[in-house]
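Computation of the quantities below employed the complete heavy-atom set of this structure, encompassing side-chain atoms and omitting hydrogens, waters and symmetry-equivalent molecules.
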Amino acid sequence: MPASRAPLLALLLLVHTARAAPRVQPVPVPPELRSTAFTITVDGKPVDVAHAAASYDFANFDITGPVEISITASTDGFWDRGIDIQPWRLGIRAQRDGRTIRFKLAAPAKLSISRPRDFLNHAQMLFLFAGAPPPPPPGNAILYKAGVYHQSLNPRSGETDYLAPGSYFYGSLNLFNVQNVKIMGRGVIVYDGSQDPASDEGWMQKPDWHCIGTSNAHDIQISGLTCVIRSRTWSIQMKDSSGFLYDDLRVMGGNPGNANQDGMDWIGSSDGLVRNSFFRASDDVIALMGNWDGYSDADMLRPGKDVHDITIETSQLSTSISNIVRAGWPRKIFNSRNFTLRDSDILHAGIGACGQPFGILGFWGANGAHGDHSNYTFQNLFLDDWYSLLQMEQEEPALHTFTFRNIWAIDQPPLLGSTILGQVSGVTLDNVKYGQHRADTDADVPLSVTNGAALVTFTPPKDIHAAFSSEPPFLAPGDKASFTADPVPHAHYTWLFGDGTQAHGRSVKHTFPDAEGTDRDGINGAGRFRVLLHVEAGNQQDWASQGIVVVSKWLDPSAPTGPTVQGLTWRLYPGTWTELPDLNQQSSVFDGVAPDIQVDPRGFTRYATAWDGLIDIPVDGGYTFHLIARDGARVVIDGLEIAKTGPPFAQVCGVQGNAVRYDRGSLGLRAGLHTLHLEGLHSASQGTPRLLWEGPGLPLADIPAAAFSHAKAIVSAPRTAN
């Protein structure tokens, strides 16, 4: 379909249509891209679903007011494990009716929808892009009408291209040696290149090698574009370019190799603004580097250009692996300054390690890396699923002036500690919060500062501080709860209760409708609701969050037979399993007693362990148990499995062992002793599982040894291993 100049009549028609449009405007999808995994309606109007990459699907549509969205999965039982709608700060909760879920959306948003804690590269995920209608094409634009184009876009300097809703391009957007280019509209680029899926060729700078590729390009504006990347290549690569504005960008990449598919790489580039955008990557979401011309010694050691003045804001960032922001690389030589990530949602942030562990920020200046890097700011960030906060390393000369301000981890603890080592100074943590807890010491993060790095500065609390209490200590569906925020002068308080409702005021009352929880994953008669408080006063703000467990089924304490003593019994099962086996089908060779979750493997290096005993619940209430393990673990309380980590996930780049996995579950427990059974696999990694709890009067913490006991019995002598 050839491109043509938009005539005045067509322009007037588009303007009139936009003004008279209904509340929802679907964007059509060509038959070859349509997905059958989901069926979607918005305010009762069908919306086409497109297949993106891997097991990801997406839908583009525009709205002009509040709408109700209905999503039907093609697979029976798809939503039985729960419904995770992100960003969590929106407080959206779906109604569920078999294979169909429904929820209301008040305004344009970019959503990631999946099952709880299922977000790695093989997860089935649906991305919804509910946008505001795009502006009509300007009179000087080259108009690409709705349809399928088997071609790349190669605009010239001074050119404006308008990609109409429903236009799909199988190719690339190439911006090489051009300036003053605008790409507008609501077009989709599907990139599926010829890269070797088993090799790292995505770094190359040449046309038709990325969804968007630039070299020596300046003063570029790109708005409303969707990028789908199906090959192992960097999604958007900017080489030696400057003056970029990306607005309302939607980028989705996925590949089975789960690597070398960055979201956006700034290679020797500067002066860029990315706003109101969405990234799902299979590697670093945002990467900064002075140059990248190959892997030979000469290429790695060649000095690169400065990277500076880059801002990412009001966006949603997600990756199946690696960092949200990665800067530096071993042996690389370049300088950087003035990078900002702000007012954004971290939906899924890395897992595992490549040389260093992954984090919100990974700065990896190792093995002779050289450069001066300064003025990095991370501000007003919401952390949903995440791994660690920061991993920073630099040999020479220095990293300095890195600020983390208003970092709100909404509903999950860090899975791994943070590290700072080498020539690093001027790191400030200003109001980093996990739920309602503010990190004021290295131990709170937790953070290790070594190898000459300067101590981190923790700023004192400001006048505005969001925190709240709730009564009564436990709730059943229909019970009235009272929520009271700590006082802040002249503040405005907004509550989101995790059940799709909200309220305003310092003190409010609320009734939860059921015991399924925000994600509808409460399967044992107790569900965790994600309650958020937003406090605003003048130009300052703060958030606090707390999981509130609503209980419809209570578990009474167990009556132990005979006397009890402190500690847990354990049994050891040698084996070379790659996943946690069914230990009921296995035979143990050793057993013993430990004060808590410990084991004496007696020389074995590959084994599973089962711990058994009693856990002392201090008061009646809804309790949440958090399970963290590398090789696989599960926890059972009173005969009910409440958490099981996913299968082992290998770390990459030659790093030994598996990544940390996480799961949690909630129960309604009466005060007293309850039976505890915990299993953990030790196959490729070191350490035992971590089991944390939180409940009435109990902030999130590792369960102390004092809470464990077991029935006193004679421990059998060790048997000889076969």
Side-chain angles (χ1 to χ4, degrees), residues 524 555-577 579-618 623-645 661 663-665 667 669-683 685-693 695 698 701-722:
N524 292 311
L555 299 179
D556 293 324
S558 304
T561 58
T564 62
V565 293
Q566 290 297 111
L568 298 172
T569 64
W570 56 263
R571 300 185 306 281
L572 187 133
Y573 303 79
T576 57
W577 306 286
E579 294 190 28
L580 185 67
D582 180 358
L583 295 184
N584 290 325
Q585 306 300 316
Q586 307 298 325
S587 296
S588 63
V589 298
F590 297 125
D591 51 28
V593 175
D596 51 19
I597 305 171
Q598 300 177 32
V599 65
D600 178 4
R602 304 186 187 182
F604 285 100
T605 58
R606 296 175 65 87
Y607 55 88
T609 308
W611 293 267
D612 284 284
L614 301 165
I615 182 171
D616 189 4
I617 300 300
Y623 289 80
T624 300
F625 295 87
H626 304 255
L627 183 62
I628 298 174
R630 287 188 181 270
D631 294 341
R634 62 187 288 261
V635 61
V636 177
I637 294 180
D638 289 346
L640 299 175
E641 182 180 278
I642 59 170
K644 183 176 182 180
T645 62
R661 301 297 306 272
D663 196 21
R664 70 161 183 245
L667 288 173
L669 300 174
R670 299 294 187 187
L673 299 176
H674 293 257
T675 62
L676 169 70
H677 175 77
L678 174 65
E679 298 174 1
L681 180 63
H682 188 289
S683 62
S685 310
Q686 299 297 315
T688 56
R690 286 183 66 195
L691 184 59
L692 303 87
W693 65 355
L698 284 176
D702 290 271
I703 301 177
F708 297 129
S709 62
H710 65 280
K712 187 175 182 180
I714 298 175
V715 178
S716 61
R719 298 189 296 270
T720 303
N722 294 329

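Considering CG of Leu572 and CZ of Arg602, their distance stands at 8.5 Å, rounded to 0.5 Å. From Leu568, atom CG reaches atom CG of Leu678 across 8.0 Å, with rounding to the nearest 0.5 Å. The distance from atom CG of Leu676 to atom CD1 of Ile642, rounded to the nearest 0.5 Å, is 8.5 Å. Once rounded to the nearest 0.5 Å, the distance linking CG of Asp702 with CG of Leu692 reads 4.0 Å. We find the CG-CZ distance between Leu627 and Arg664 to be 12.5 Å, quoted to the nearest 0.5 Å. Note: Leu669 CG to Ile615 CD1 = 8.0 Å, rounded to the nearest 0.5 Å.
Residues Gly639 and Thr675 share a closest heavy-atom pair of N-OG1, 4.1 Å. Pairing each heavy atom of His674 with each of Ser558, the nearest pair is CA-OG, 4.1 Å. Between Ser685 and His682, the closest heavy-atom pair is O-NE2, 3.0 Å. Heavy-atom minimum distance, Trp577 versus Gln586: CZ2-OE1, 3.5 Å. Considering every non-hydrogen atom in both Gln566 and Val593, the closest pair reads O-CG1, 4.5 Å. Heavy atoms only, all atoms of each residue included: Pro560 and Leu614 are closest at CB-CD1, 3.9 Å.
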Problem - Criterion side chain to side chain contact (heavy atoms under 4.5 Å, CB included) on Ile703 and Phe625, from CA distance to verdict - result: CA-CA 9 Å; Ile703 301 177; Phe625 295 87; 4.1 Å; yes

Problem - Ile637 and Asn524: CA distance, side-chain angles, deciding distance, side chain to side chain contact (heavy atoms under 4.5 Å, CB included) verdict - result: CA-CA 11 Å; Ile637 294 180; Asn524 292 311; over 6 Å; no

Problem - Residue pair Trp611, Asp596: steps toward the side chain to side chain contact (heavy atoms under 4.5 Å, CB included) verdict - result: CA-CA 9 Å; Trp611 293 267; Asp596 51 19; over 6 Å; no

Practice task
Please lay out, stage by stage, how Ile597 and Thr609 fare under the test side chain to side chain contact (heavy atoms under 4.5 Å, CB included).
Solution key: CA-CA 10 Å; Ile597 305 171; Thr609 308; over 6 Å; no

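Using a 4.5 Å heavy-atom threshold, the side chains of His710 and Val565 count as touching. Using a 4.5 Å cut-off on side-chain heavy atoms (C-beta onward), Leu667 and Asp638 make no contact. Between Glu679 and Lys644, every side-chain heavy-atom pair lies at or beyond the 4.5 Å cut-off. Tyr573 has its side chain out of reach of Pro581: every pair of non-hydrogen atoms, C-beta onward, lies at least 4.5 Å apart.
By the 30° and 60° cut-offs, the orientation of the rings of Trp693 relative to Tyr623 is tilted.
Not counting sequence neighbours, Phe708 has no partner by the ring-ring contact (aromatic ring centres under 6.0 Å, His included) test.
The closest donor-acceptor contact from the side chain of Thr569 to the backbone of Asp612 lies under 3.5 Å. The closest donor-acceptor contact from the side chain of Thr624 to the backbone of Gly665 lies at 3.5 Å or more, if one exists at all. In this structure a side-chain-to-backbone donor-acceptor pair under 3.5 Å is missing from Arg661 to Ala629.
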